[in-house]
Amino acid sequence: MDIYKSFRVEVDRALDAMTAAGDMPAGVDRSKVSVEPPRDPAHGDMSTNAAMVLAKAAGKPPRAIADGLARHLSAHPDVTEVSVAGPGFLNWRLRPSRWRATLRDVLAAGLGYGDSDVGGGRAVNVEYVSANPTGPLHTAHARGAVVGDALAALLEKAGYAVTREYYINDAGAQVEVLARSTHLRYREALGETIGGIPPGMYPGEYLKDVGQAIADRDGDRWLSVPEAAWLPAMRAAAVEIIMCWIREDLGRLGVAHDVFTSERALVDSGAVTRALTELEARDLVYTGVLEPPKGKTPDDWEPRPQTLFRATSFGDDVDRPLKKSDGSYTYFANDIAYHLDKVRRGCPTLIDVWGADHGGYVKRMQAATSAITGGEGALDVKLCQLVHLMKDGQPVKMSKRAGTFVTLADVLEAVGRDVLRFIMLTRRNDQTLEFDLAKVTEQSKENPVFYVQYAHARCASVLRHAADSGLPTAPDALSAADLDRLDQPEEIDLVRVLAGWPRLVEAAAEAHEPHRVAFYLHDLAAAFHALWNRGKDDATLRFLIDADPNLTRARLAMVAATKTVVASGLKVMGVVPVEELRG
RNA sequence: GCGCCCUUAGCUCAGUCGGAUAGAGCACGCGCCUUCUAAGCGCGGGGUCGCAGGUUCGAAUCCUGCAGGGCGCGCCA
């Protein structure tokens, strides 16, 4: 169990005792009481805000409550140095043996250390990537892919039942364009000279491969038939081939979705019509005329009655159209049906990972999700800001229009999967990210990937040396070590960081912020590197002490636990830990 | 014009449901390799948390207004 959580229980017991003694009114709301590490370690190992939070309801000054809590807590066998500070913080320290005990927890749990049950097995659907099937993945997609995948892994570690989902946008005008562009390349593959690619068509060279593949499979059967005949065939074939590429790229990135949902299949099944019927039943659909967007009116704007969803009743700024002027459904209408579908499949908690250019779409989708599910479903949207691809400090020029964008496959080839995944998680999702192809493969402290991997490799190195000397390195053997031999302050510092991993997993999962794992691992690596270097100044602080097998075994337990927690964190990030950095 | 996101050290960024003297890396200055990997570690200088109000025991964090940057704004997805 998380060490902070277990002391939160102790605080509860103390409060119970105070209530029983009449020092505290019964039924006081304790939901804001927390036990956490103080920001400044000088204040102690743990701290609670209970006295300040409860002062008003208890009708007592914070310090009086804190004094009462202090009396109860100081009776705990693992607690020392209880003190009341500042406006009413209650601080205390733990006996070092209590901290050291976490090493056994880590060794016993292995990579499962930090697993939590806060999720309680509740279902969460994480939808991410969902790139349009009109071309290969490029760098902009990589961030959403990594963030979504790491978030899914994090939620699983925190005890949620996670579904990883990809929404294939294979309906609508853009796949029609794809079909026409593909037909052009198909004709080209059969020997026709097509000249330039007309405006409005996808110019990318990659469509040549699609055209060729269809020519190889079907011969010339789509050459002299009317568009109505070849268009659906081109569309289906192109989407299938490109989705195959996308899955390959995701596979290379180590991303695997559980569910792929087709927009077209959803529309064909009548789900959109049914969803709109449900909205109508709730009186959330009407026909109205929208104001033109101010400041940037389209040239061909004319007021027109439209089928609208009452998004404003759910916090959006304007009501949103559900049908185009030709009577077909808007993308938004399809998306409402899709989100309803996700909830109806048994998952009220939805997370969508989107690109920054979809920011204007968040409110309406949240409004719609809430409306269509009658408040049962809740949608959180993680918007990933832009990735600026750089090389040696200079921006890499990209233009999708000219077909010169950098594909995900290119970047993967240049830097590797693990580097790409780690770097994508070194920023909050709503912060823009600079990705320098040169810097991220440097082996220096400036590169967080290297820094964390180096810590893992150093742990592995120590364990290798130990094994070479015939020392036991298996977890159960190390668990039997006399951990009281770890009496250096820096050693306890490191153990404290290790003990913070379960708490971090829960906090990051609840906040839907996988990047916190990357920052935690950086801190953990720093604590380990610091300890390592202490052995440079003072040989008695090295991990392997030939003359003292018992001390060595205790220190190996600490090293093995550190290696395990680094690996556990990297696993959430989808990064493979390295055993060795030098070839 | 409106909406969303961002603004923290010279630079790039963290900052836990509001918590104590706001942190890390880079850069700068000074130290540490006969040693388990020095691709590392230690010490030091460096801040009006964009600006102005408000909420309260307490605000970088929540609310309001303003400024600067990014993204978006019916019949694209």
Exercise for review: Measure the acute angle between the ring planes of A/Trp354 and A/His358, then classify it against the limits of 30° and 60° as parallel, tilted or perpendicular.
Suggested key: tilted
Review point. Which class fits the ring pair A/Trp92 and A/Phe7: parallel under 30°, tilted 30 to 60°, perpendicular over 60°?
Key: tilted
Review point. Between which residue ranges does RNA chain B form stems of three or more consecutive Watson-Crick or G-U wobble pairs, both distances under 3.5 Å?
Key: B:1-7 with B:67-73, B:10-13 with B:23-26, B:28-32 with B:40-44, B:50-54 with B:62-66
Side chain to side chain donor-acceptor pair (under 3.5 Å) against [X], all qualifying residues, sequence neighbours excluded:
X: A/Glu176; value: A/Arg235
X: A/Asp548; value: A/Arg485
X: A/Thr564; value: none

Interface polar pairs with nucleotides 29-36 of chain B, N/O, under 3.5 angstrom:
unit_1	atom_1	unit_2	atom_2	d
B/rU35	O2	A/Arg542	NH1	2.5
B/rU35	N3	A/Lys536	O	3.3
B/rU35	O4	A/Lys536	O	2.4
B/rC36	O4'	A/Arg542	NH2	3.1
B/rC36	O3'	A/His465	NE2	3.0
B/rC36	O2'	A/Ser461	OG	3.4
B/rC36	N3	A/Phe543	N	3.4
B/rC36	N4	A/Trp532	O	2.8

Point to revise | Close side-chain approach of A/Met365 and A/Val381, heavy atoms under 4.5 Å | key: no
Review point. Quick one: are A/Met424 and A/Val387 in side-chain contact, heavy atoms under 4.5 Å?
Key: yes
Atom pairs, N/O to N/O, protein against nucleotides 5-7 of chain B, distance under 3.5 Å?
unit_1	atom_1	unit_2	atom_2	d
B/rC5	O2'	A/Asp430	O	3.4

Check your understanding: In chain order, what residues pass the ring pair (Phe, Tyr, Trp, His ring centres under 6.0 Å) check against A/Phe450, with sequence neighbours excluded?
Key -> A/Tyr454
Revision key, fill the gap. Those residues at least two apart in sequence (or on a different chain) that pass ring pair (Phe, Tyr, Trp, His ring centres under 6.0 Å) with A/Phe543 are A/Phe528
Could you give the distance from [atom1] ([X]) to [atom2] ([Y]), rounded to the nearest 0.5 Å?
X: A/Leu556; Y: A/Leu544; atom1: CG; atom2: CG; value: 5.5 Å
X: A/Thr540; Y: A/Leu551; atom1: OG1; atom2: CG; value: 8.5 Å
X: A/Asn334; Y: A/Leu322; atom1: CG; atom2: CG; value: 10.0 Å
X: A/Leu207; Y: A/Arg180; atom1: CG; atom2: CZ; value: 14.0 Å
X: A/Leu69; Y: A/Leu54; atom1: CG; atom2: CG; value: 8.0 Å
X: A/Arg516; Y: A/Leu504; atom1: CZ; atom2: CG; value: 7.0 Å

Check the interface with nucleotides 20-22 of chain B: list each N/O to N/O pair with the protein under 3.5 Å, or write none.
unit_1	atom_1	unit_2	atom_2	d
B/rA20	N6	A/Ser47	OG	2.9
B/rA20	N6	A/Asn91	OD1	2.7
B/rA20	N1	A/Asn91	OD1	3.3
B/rA20	N1	A/Asn91	ND2	2.8

Review point. Side-chain N or O of A/His515 less than 4.0 angstrom from OP1 or OP2 on B/rU16?
Key: no
If you only use heavy atoms from C-beta on, which nucleotide in [options] is closest to the side chain of [X]?
X: A/Glu263; options: B/rG40, B/rA77, B/rG74; result: B/rA77
X: A/Lys363; options: B/rG40, B/rU16, B/rG3; result: B/rG3
X: A/Tyr454; options: B/rA38, B/rG3, B/rC75; result: B/rA38
X: A/Phe519; options: B/rA77, B/rU16, B/rC13; result: B/rC13
X: A/Tyr451; options: B/rC41, B/rG19, B/rA77; result: B/rC41
X: A/Gln174; options: B/rC13, B/rA77, B/rG19; result: B/rA77

How far does the [atom1] atom of [N] sit from the matching atom of [M], given to the nearest Å?
N: B/rG58; M: B/rG29; atom1: C1'; result: 38 Å
N: B/rA22; M: B/rG47; atom1: C1'; result: 9 Å
N: B/rC49; M: B/rC62; atom1: C1'; result: 16 Å
N: B/rG46; M: B/rA27; atom1: C1'; result: 11 Å
N: B/rC26; M: B/rG3; atom1: P; result: 42 Å

Exercise for review: Identify, between A/Glu36 and A/Arg320, the residue whose nearest nucleotide on RNA chain B lies closer to the 5' end.
Suggested key: A/Glu36
Study note, to complete from the structure: Note: for A/Thr426 and A/Asp357 on RNA chain B, the residue whose nearest nucleotide lies more 5' is A/Thr426
Study note, to complete from the structure: Sorted by number, residues from residues 502-511 of chain A placing a heavy atom under 4.0 Å from RNA chain B are A/Arg503
Exercise for review: Enumerate the residues from residues 322-330 of chain A whose closest heavy atom to RNA chain B is under 4.0 Å, giving them by residue number; use none for an empty result.
Suggested key: A/Lys324, A/Ser325
Practice item. Would you kindly check if the NZ (Lys) or CZ (Arg) of A/Arg320 is within the cone defined by 45 degrees around the ring axis of A/Phe332 and under 6.0 Å from the six-membered ring centre? Key: no
Review point. Crowded around A/Asp538 CG? As in, over 12 foreign heavy atoms under 6.0 Å?
Key: yes
Review point. Crowded around A/Lys5 NZ? As in, over 12 foreign heavy atoms under 6.0 Å?
Key: yes
Exercise for review: Kindly indicate, with the supporting measurements, whether the criterion side chain to side chain contact (heavy atoms under 4.5 Å, CB included) is fulfilled by A/Val565 and A/Tyr520.
Suggested key: CA-CA 10 Å; A/Val565 174; A/Tyr520 168 79; 3.7 Å; yes
Exercise for review: Please determine, by modelled atom types, if A/Tyr167 and A/Asp352 share a side-chain donor-acceptor pair under 3.5 angstrom.
Suggested key: no
Point to revise | Pair A/Leu570-A/Gln453, side chain to side chain contact (heavy atoms under 4.5 Å, CB included): steps then yes or no | key: CA-CA 9 Å; A/Leu570 288 177; A/Gln453 291 280 29; 3.9 Å; yes
Heteroatom pairs (N/O) under 3.5 angstrom, protein to nucleotides 44-51 of chain B:
none

